[in-house]
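As the structure lists them, so they are numbered: ligands from 1, and atoms in each ligand from 1. Given the structure is predicted, the values throughout are model-derived calculations rather than measurements.
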Amino acid sequence: MASKMRTLEDMYVDLLKDLYSAEKQLVKALPKLAKNSSSSDLQKAFQEHLKQTEGHVDRIERIFSDMGGSPRGKKCVGMEGLIEEGNELLKEDTEPEVLDAGLIAAAQKVEHYEIAGYGTARAWAEQLGYDRAAQLLQQTLDEESMANEKLTQIAENHVNMEAQ
Ligand SMILES: [Fe+2]
């Protein structure tokens, strides 16, 4: 059932709950991506991003504890769909190098999705006067952008060529 969102504050809280659910789903999905990648630097990138993602969960929890609320109670269906697409890829009968290229593509969709969400959340936090939350959201946003760039590097350094 849809909840009432009358104010920007309501919308902000809802977006943060959505991001929280997205991060929690990603914490569960990333080990599977790491396990199924054959390139060692891709594996390492997924493992490093898992650690970062746990930190992203913590930051949202901190923001909610500052506001006096709970981040639970919402399911991010966007992230659910992106992860499902990654899982479908794993069921394909694919050469390992080609699978790596596909896993990078799936992970970059995830990163762009999160970058969009955190960009908005940070802007709304600033607008609402939540300076500390805005700072924390910016830190996560920076890490998502770096993770995305790292994936581009790995693809362009060797994965795309090996896939071909
Ligand atoms: Fe994240």
Side-chain angles (χ1 to χ4, degrees), residues 8-37 39-67 69-90 99-128 130-157 159:
L8 184 64
E9 168 100 22
D10 295 340
M11 200 87 91
Y12 169 68
V13 169
D14 193 73
L15 175 57
L16 288 179
K17 286 184 176 187
D18 201 69
L19 285 166
Y20 185 71
S21 162
E23 298 286 18
K24 298 275 275 192
Q25 291 182 57
L26 203 52
V27 165
K28 284 191 195 149
L30 278 166
K32 200 170 169 187
L33 295 183
K35 209 184 92 191
N36 285 282
S37 22
S39 139
S40 63
D41 56 352
L42 183 56
Q43 238 173 52
K44 219 178 92 198
F46 284 138
Q47 282 157 358
E48 275 168 16
H49 197 55
L50 172 60
K51 271 181 246 145
Q52 285 183 325
T53 301
E54 287 164 347
H56 301 170
V57 169
D58 292 343
R59 283 193 191 119
I60 297 175
E61 285 173 350
R62 227 183 304 165
I63 290 169
F64 273 89
S65 80
D66 287 351
M67 288 192 296
S70 163
R72 284 163 216 286
K74 201 173 181 240
K75 177 153 211 179
C76 178
V77 293
M79 183 61 80
E80 191 180 28
L82 290 172
I83 289 172
E84 178 53 31
E85 285 189 2
N87 283 333
E88 278 173 15
L89 200 62
L90 294 177
L99 181 60
D100 275 2
L103 290 176
I104 290 175
Q108 288 197 288
K109 284 185 194 172
V110 166
E111 291 313 315
H112 280 80
Y113 182 79
E114 290 190 299
I115 287 166
Y118 278 107
T120 301
R122 192 233 28 231
W124 288 352
E126 270 170 19
Q127 182 63 41
L128 293 163
Y130 294 126
D131 296 341
R132 181 171 154 74
Q135 244 176 43
L136 291 168
L137 293 166
Q138 182 65 52
Q139 284 170 17
T140 296
L141 183 55
D142 290 342
E143 287 174 6
E144 307 292 15
S145 297
M146 281 187 286
N148 180 58
E149 279 161 30
K150 178 85 197 162
L151 290 167
T152 299
Q153 268 175 28
I154 294 171
E156 290 181 349
N157 278 350
V159 168

Spacing of CD belonging to E61 relative to CG belonging to L136, to within rounding of 0.5 Å: 12.5 Å
Spatial distance of atom CD (E156) from atom CD (E149) [nearest 0.5 Å]: 11.0 Å
Listed partners of D41 passing salt bridge (Lys or Arg N to Asp or Glu O under 4.0 Å), at least two apart: none
E88: salt bridge (Lys or Arg N to Asp or Glu O under 4.0 Å) partners, not counting sequence neighbours: none
Protein N, O or S within less than 2.8 Å of the Fe ion (ligand 1), waters excluded: E23 OE1, E23 OE2, H56 ND1, E144 OE2
Pairing residues for Y12 by the ring pair (Phe, Tyr, Trp, His ring centres under 6.0 Å) criterion, not counting sequence neighbours: Y130
Presence of salt bridge, K109 and E114, under 4.0 angstrom: no
